[in-house]
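Proteins get letters first, then strands, A, B, ... in listed order; numbering begins at 1 in each.
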Amino acid sequence: MHGQRLTFRIHQYMEYNFRAIEQKWQQRWKETHAYRVSNNSSKPKCYVLDMFPYPSGAGLHVGHPLGYIASDIYARYKRLKGFNVLHPMGYDAFGLPAEQYALETGQHPAVTTENNINSFRDQLDNIGFCYDWEREIRTSDPAYYKWTQWLFLQLFDSWFNRKLSKAQRITDLVNIFETEGNANHECPGDRNIRFSAEGWKGFSEQDQREILMHYRIAFLAYAEVNWCAELGTVLANDEVVNGVSERGGFPVVKKKMRQWFLRITEYADRLLEGLEQVSFSEAMKDMQRNWIGKSQGAEISFEIEGVQGEKLVCYTTRPDTIFGVDFLVLAPEHELVDLITTHEQRQAIDDYKQYVQSRSERERMAEVKQVTGAFTGAYALNPFNGRQIPVWISEYVLAGYGTGAIMAVPCGDQRDFNFAKHFDIHITNIVGDAYNGEEANPTKEGKLVNSDFITGMDMKPAMELVISELEKRGNGKRQINFKMRDAGFSRQRYWGEPFPIIYKNGIPYAVDETTLPVELPHVENYKPGAEGEGPLANVREWVELGDGTIRETNTMPGYAGSSWYFLRFMDPKNDQVFADRNVMDYWNQVDLYIGGTEHAVGHLLYSRLWTKVLFDLGFLSFDEPYKKLVNQGMITGSSRIVYRVRGTHQFVSAGLKDKYETDELHVDVNIVDGVELDTEAFKHWRSDYTNAEFILENGKYICGTLSEKMSKRYFNAVNPNTLVEKYGADTFRMYEMFLGPVEQSKPWETKGIEGVHRFLKKLWRLFADEQKGLVVTNDAPTADELKTLHKTIRKIEEDTERLSYNTAVSAFMVCVNELSDLKCHKKAVLEQVLVLLTPYAPHVAEELWQLMGNSGSILDAAYPVFEQQYVTESAKEYPVSVNGKLRTTIVINLDVEADEAGKIALANEVVQKWLEGKEPKKIIFVKGKMINIVI
RNA sequence: GCGGGUGUGGUGAAAUUGGUAGACACGCCAGACUUAGGAUCUGGUGCCUUACAGCUUGUAGGUUCGAGUCCUAUCACCCGCACCA
């Protein structure tokens, strides 16, 4: 009995008992604060950051940790390389889903958010990340959003000085106004506002503050939202489908509301220039550039026949096509539509506007097959020759871009062409032979015809000439435009940061900084206000401060807290400032930022904006937040489908389904092994399947597969906990990396995880034998062993550095396969391999490190140094091609030059056969690569 | 519509600079060990072929001694588009 227990113990000890090992080391690292990071260090710094998650109720699925594992490996690797590494984690905890959940269940968002965070944390801890949890932040924590509010006030108290291309304080602007008016600083919010110093001083406080509002970086303006009266709430574009609400199918209309904005358009050029300094993928940079959408062109004013005092201003990138303008198109929302519409056309225009009200912007842009529009009855006049041009409205022109009006040149623009054909509008050809009458030709190369004073000119110089003529005549000017719009910053929601703003007589003022944070009041009811204001409007005792002063009732959007969180991680507990200046100077930019492409244009642009403003105001010493960005690909789910014979509870296997009429149903991937359904588990999965019967093929029920987004509703989400439980965190980490390149999207497939698990077990056996215990020796390594080791060092270091983790995992496998073949159990080799492995599989590395009797944690071991001498080869097996086709290989010494190599190749039997006695025309020899013989 | 990405064996993929396509795994096939195997080990495995040969990186062209890689055209799929985060 006693003896039996002893063997059992040894047995337990020496097999790869991953769960025990992992739990032991996770506990140990926690106790020893192994991941605590100091802001004071003589080591070089490295800041490795993940895009922090929104803690959704669904929990983590295997797609989430992909990026986290990638950054964790990099952080651990840098630490081994001697860096002081900041690698924090937190939660982007404000957001709509928690609020919607609250509306449905009455549970307070603060409660559900807390619960979700706790389960996220459990899942994260399971995987063994090296986060410094003492730095955890939550955007919904008052101690955090106090500073979000404070930073908002900095944006509110700033304007963008176009002369200096930087943000300055509002007091500087007021000083300018008092001495010189706004003659040198055109008003970005309203170009028509002009005043002198005297004029400024004559304005009332209300007028002055209204003007300043047009300059502020955080400003109030009117903008349309998707208003759904039946739901009594404002909807996201996502929630509107075909003009009705996704939930309930109620009508949705545009409603104007006064809302906060960030004047990101003023930073458009800086945001473009900044891309030159950062290491993002070209694709990412292109996405941002296209989003910003800088274009050069002109604004052209058209007189309207019979209308005095108003002109139609169009923006065009092709002023040279002015004589090809056959009609103008206004956005249906354009402010002059009502004024210019004739009596006869009134009904048609009103009907059309009614139709457009129900259309989403996406639909308006995407719908090209169906041309819609209405004629206003008005005519504009060509500014050069006075030609009459009919004025139409159409949904394809958007109010928000340019001036909301375009000049249509059907011979040169396909959408204009389609419009002209559909409504039978005359098409003027100004490009000559380049236009075939069948489709538009948007060429910028060629000579203009039918074009008055620019006839015969090349298009590019014509653009310049037209602009200067327009400027001379005062009915146009050169204009640079951006597709990007100012960022809407108000949400009519509860679960977000309250604005630190109060209104006195309708004029907004910053609250006193010392009273921050403006805490989100507790509410029992999350329903919106009567007019669509946020739920806070219902909390009268919070809103009304007495003497007519009231609080802003909107809250900030999701991206408010995430725009600056990377700074707070540096100094998360500071209650004096948002982060200490010296600490920010030390940690500086994020060296590696990992997250999904879905944030390409939202979060990334906003946080770049905030960083630039803070830099301009002197709070930071850098104006780009992220030095290097890597986008992890999305892991799609691999759904499993069962086929139910219609009207029965018989389920037919995939191979036989064509013989029946079936309905396809998703089945939980967790009860399917590969594609084979566990039929017993299926019967217990849901009560309505208890009586299921199966039509099998070869005794098995085979499921269909479908690749789609990982989601609860498709039952294709795989919980990392299940896999960690079964194979261990180290296997899970390595398998996620082994799936493919970090940046590539790929479907999840659990099957392959066995291979990685086998690898770790094989590694374990290099160190320990289940029966004999530790088998590591102190013998001196052989040349072959050293070659394997150093090849691996070189490969792992290179691959880790460039985040090519899938090939690194494969290199570990090759290494362990080779060492196993060599029966290498030598400490000198194995412990170096362990250090290499630490970033990937920290638990097993630490366990074996300790078992070999090392003192101190492997987390801080010395990283192996590659030595060329162990891997240098003297010969190579050259591939030999004849006419580019590989025919044989020959081993030749590496110091052999072209002439000699050619001779050796020609003497080869196989080569001789393929030469068929002919003389070679040419022999191509690339040293160390290949030989090609051309005949 | 605009913008971005991806197409290589049965599957995930590799090939970092134009130089032996398919490394490393999964799966499958055969075998060893075993009371047993969802353990371990050995061998095989792109397609077509008995073999030699031939074919093969979405499709069609092109450049080159040589193309998965460069160029042109084209098809298919995935993602984003401003209030989801």
Side-chain angles (χ1 to χ4, degrees), chain A residues 51-56 92 94-97 100 225-226 234-240 259 281-284 286-291 293 361-369 396 400 414-415 483-493 557-559 562 596-603 605 631 633-634 636 673-674 707-709 735 738-741 743-749 751-756 758-759 761-762 765 798-799 802 804 806-807 809-814 817 877-886 888-889 921-924 926 928-935:
Chain A
M51 290 183 186
F52 64 166
Y54 173 78
S56 81
D92 192 10
F94 274 135
L96 193 51
Q100 256 157 8
V225 294
N226 300 313
V234 172
L235 297 176
N237 283 352
D238 268 26
E239 303 172 294
V240 185
Q259 310 194 62
S281 69
E282 270 315 303
M284 175 61 50
D286 280 344
M287 275 190 260
Q288 295 207 358
R289 286 188 196 112
N290 286 316
W291 180 266
E361 196 166 288
R362 187 93 47 89
E363 290 166 332
R364 286 174 59 172
M365 287 187 291
E367 196 75 65
V368 282
K369 293 189 184 92
Y396 79 89
Q414 194 57 42
R415 270 194 302 191
K483 207 157 41 180
M484 180 170 66
R485 309 197 286 261
D486 284 326
F489 203 67
S490 287
R491 299 292 182 265
Q492 293 71 38
R493 309 283 184 196
Y559 64 82
S562 60
T597 26
E598 64 271 24
H599 299 288
V601 288
H603 160 66
L605 278 176
N631 297 109
M634 192 173 71
T636 47
D673 182 20
S707 186
E708 54 201 349
K709 205 169 155 176
Y735 180 56
F738 189 55
L739 278 178
E743 300 185 70
Q744 196 170 302
S745 290
K746 52 229 156 194
W748 178 262
E749 186 50 71
K751 271 266 157 178
I753 198 168
E754 302 274 358
V756 176
R758 269 172 216 152
F759 154 74
K761 284 193 282 193
K762 196 165 179 181
R765 285 197 301 272
E798 261 176 33
D799 285 356
R802 66 190 173 101
S804 177
N806 56 328
T807 54
V809 174
S810 142
F812 279 122
M813 290 173 170
V814 172
N817 289 345
E877 186 181 26
Y878 278 89
V880 182
S881 308
V882 177
N883 280 345
K885 273 202 191 307
L886 179 72
T888 188
T889 59
K921 280 192 198 129
K922 201 166 159 192
I923 298 177
I924 290 151
V926 182
K929 294 271 191 206
M930 45 64 70
I931 300 168
N932 186 16
I933 296 160
V934 188
I935 53 174

### Query
Using purine N1 to pyrimidine N3 plus N6-O4 or O6-N4 for Watson-Crick, or N1-O2 and O6-N3 for G-U wobble, both under 3.5 Å, which nucleotide pairs with rG37(B)?
none
### Task
For N817(A) and K762(A), test the side chains for any donor-to-acceptor distance below 3.5 angstrom and give the result as yes or no.
yes
### Task
Would you kindly say whether T807(A) and D799(A) are connected by a side-chain donor-acceptor distance under 3.5 Å?
yes
### Query
Within this structure, what is the CD1-to-P distance between I924(A) and rU20(B), rounded to whole angstrom?
14 Å
### Query
Of all the nucleotides listed (rA39(B), rA85(B), rC65(B)), which has the minimum atom distance to the side chain of E598(A)?
rA85(B)
### rG31(B) versus rU64(B) - spacing of their C1' atoms, nearest Å
48 Å
### Task
Name the closest nucleotide to the A283(A) side chain, picking from rG4(B), rG19(B), rG80(B).
rG4(B)
### Query
Who does rA14(B) pair with, Watson-Crick or G-U, both distances under 3.5 Å?
none
### Message
Any base atoms under 4.0 Å from R802(A), or only sugar-phosphate, or nothing? Heavy atoms, all strands.
### Response
base
### Query
Under a 4.0 Å N-O cut-off, is there an ion pair linking K761(A) with E754(A)?
no
### Query
With a 4.0 Å cut-off on heavy atoms, is V225(A) in touch with a base, just the backbone sugar-phosphate, or nothing at all?
base
### Query
What is the minimum heavy-atom distance between T597(A) and M284(A), and which atoms define it?
CG2-CE, 3.9 Å
